[in-house]
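Below: one structure, written as structure tokens.
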Amino acid sequence: MRTRTRTRHPAALAALSLLLVTALAGCGQEARGGSRYKADAEKGGTIGLALPTKASERWIADGENMAKQFRQAGYETDLQYGDDKVENQIAQIENMITKGRRLLVIAAIDGAALTEVLQRAHDAGIPVISYDRLIMGTEHVDYYASFDNERVGELEARYIVERLKLGAPTKNAGKTYDIELFAGSPDDNNTRYFWNGAMKVLQPYFDSGRLRVRSGQTRMNQATTLRWDGGTAQKRMDDLISKNYGEESVDAVLSPYDGISIGIISALKSAGYGTAGRPLPVVTGQDAELASVKSIIRGEQTQTVFKDTRKLAARAVAMGDAVLDGRKPEVNNVKDYHNGKKTVPSYLLDPVSIDRSNTDLLVREGYFTAEQLS
Ligand code: GAL
């Protein structure tokens with residue numbers, strides 16, 4: 001029979017055992033924590049960096065920091081921004097694959113839109129690191145570097161609770177405060193982590209009646225802001241004010257990102273907030289972008305969450321370098337980030353809450369100069 005004659009053939013047997021040995025060696029490498037990607041004898045090559053947009057200062061900083069740190073580690077970089085258009089980002093990643101980039105670091109515009117292109121990356125043997133935002137629905141994501149995203153939402157919500165002096169969420173323990181809620185882009189996986197983190201803190205206060213959402217828009221899908229766009233948030237805030245707050249004032253606005261906060265504050269100001277007799281509400285944020293930190297110092301935006309992009313970049317570079325070296329990158333979370341296909345081993349950094357009382361931390365940390373904040 002064909003199979004028997006074949007397997008009995010000495011050359012075929014030799015080839016078969018070679019295959020087996022290679023496969024076993026491969027397993028051993030996986031088990032030891034190495035990656036399936038071949039460690040090249042020499043360092044170097046080009047890393048593809050695919051980031052969402054230049055419209056936000058944080059992503060510009062992320063790109064510059066990674067490019068600089070990858071260069072210091074001995075690599076070239078190919079840094080591309082997708083202008084917040086999913087099809088641009090896919091084309092950019094395709095191009096990186098065609099050009100033989102050794103590693104892809106991706107902050108997705110739409111976390112669920114990269115399945116096909118990442119299949120191609122996988123077929124070409126290119127490892128992938130998901131940067132800041134988790135890529136969904138594919139096994140072909142090797143590692144995830146981000147901040148503790150649920151903690152970000154918690155920090156924003158706790159800040160509101162403290163500023164309004166709500167104390168413990170006991171029933172009927174005082175005045176009811178009005179809050180409106182904003183969420184991030186619905187196609188960004190971080191959005192639900194921020195939201196859930198915030199709701200964990202706020203829900204008991206809704207239950208006890210200390211906090212109320214006059215608009216009734218309490219579900220995440222009623223509060224999302226496509227592509228984190230400040231203008232979209234401004235329009236929604238205009239609407240929320242005009243439809244729900246005649247003579248009454250809103251006391252707090254949960255905002256998950258500085259660009260959204262700036263839009264919300266513009267809407268509030270055009271409705272007469274920020275004047276004597278009608279103070280601006282507590283407005284949270286995220287990213288410690290320069291415009292927002294200045295707004296905090298001026299007493300407009302109230303809080304932001306600082307996520308040091310230099311540290312995140314360093315983490316992604318360390319991960320990438322380890323993967324390309326056949327070493328196992330350091331991770332500190334192997335359970336919380338399931339993307340629908342696999343739990344992606346992650347390294348999560350700690351976010352820090354910033355308000356008027358501690359903006360100097362950003363100067364001490366060298367994130368901004370004193371002049372920038374003056
Ligand atoms: C999120 C990110 C935030 C913020 C937002 C808008 O994915 O975690 O820090 O930058 O995008 O860019």
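Note that this is a predicted model, so its numbers are computed, not measured.
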Specify whether W228 and F194 have parallel, tilted or perpendicular ring planes, treating 30° as the upper limit for parallel and 60° as the lower limit for perpendicular.
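Correct class here is perpendicular.
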Please check if the number of heavy atoms outside [X] that lie under 6.0 Å from its [atom1] is greater than 12.
| X | atom1 | result |
| --- | --- | --- |
| K243 | NZ | no |
| R219 | CZ | no |
| K68 | NZ | no |

Report yes or no: do [X] and [Y] form a side-chain donor-acceptor pair below 3.5 Å?
| X | Y | value |
| --- | --- | --- |
| E180 | Y245 | yes |
| D229 | T232 | yes |
| S146 | N149 | yes |

Which residues satisfy the ring-ring contact (aromatic ring centres under 6.0 Å, His included) test with [X], sequence neighbours excluded?
| X | value |
| --- | --- |
| Y144 | Y337 |
| F306 | Y367 |
| F147 | none |

Donor-acceptor pair, side chain of [X] and main chain of [Y], under 3.5 angstrom:
| X | Y | result |
| --- | --- | --- |
| T304 | A288 | yes |
| N189 | L134 | no |
| D148 | R151 | yes |
| T369 | Q372 | yes |
| S292 | E289 | no |

Is the shortest side-chain heavy-atom distance between R120 and T98 below 4.5 Å?
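R120 vs T98: side chains apart.
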Side-chain heavy atoms of L181 within contact of Q217, under 4.5 Å:
no
Kindly list each side-chain donor-acceptor pair under 3.5 angstrom involving residues 155-164, sequence neighbours excluded, with atom names and distances?
residue	atom	partner	partner atom	Å
Y159	OH	R163	NH1	2.9
Y159	OH	D355	OD2	2.8

Residues forming a side chain to side chain donor-acceptor pair (under 3.5 Å) with S353, sequence neighbours excluded
Q303
Pairs under 3.5 angstrom only: tabulate donor-acceptor contacts from the side chains of residues 69-76 to other protein residues two or more places apart or in another chain.
residue	atom	partner	partner atom	Å
Q69	OE1	A314	N	2.9
Q69	NE2	R310	O	3.4
Y75	OH	D321	OD1	2.5

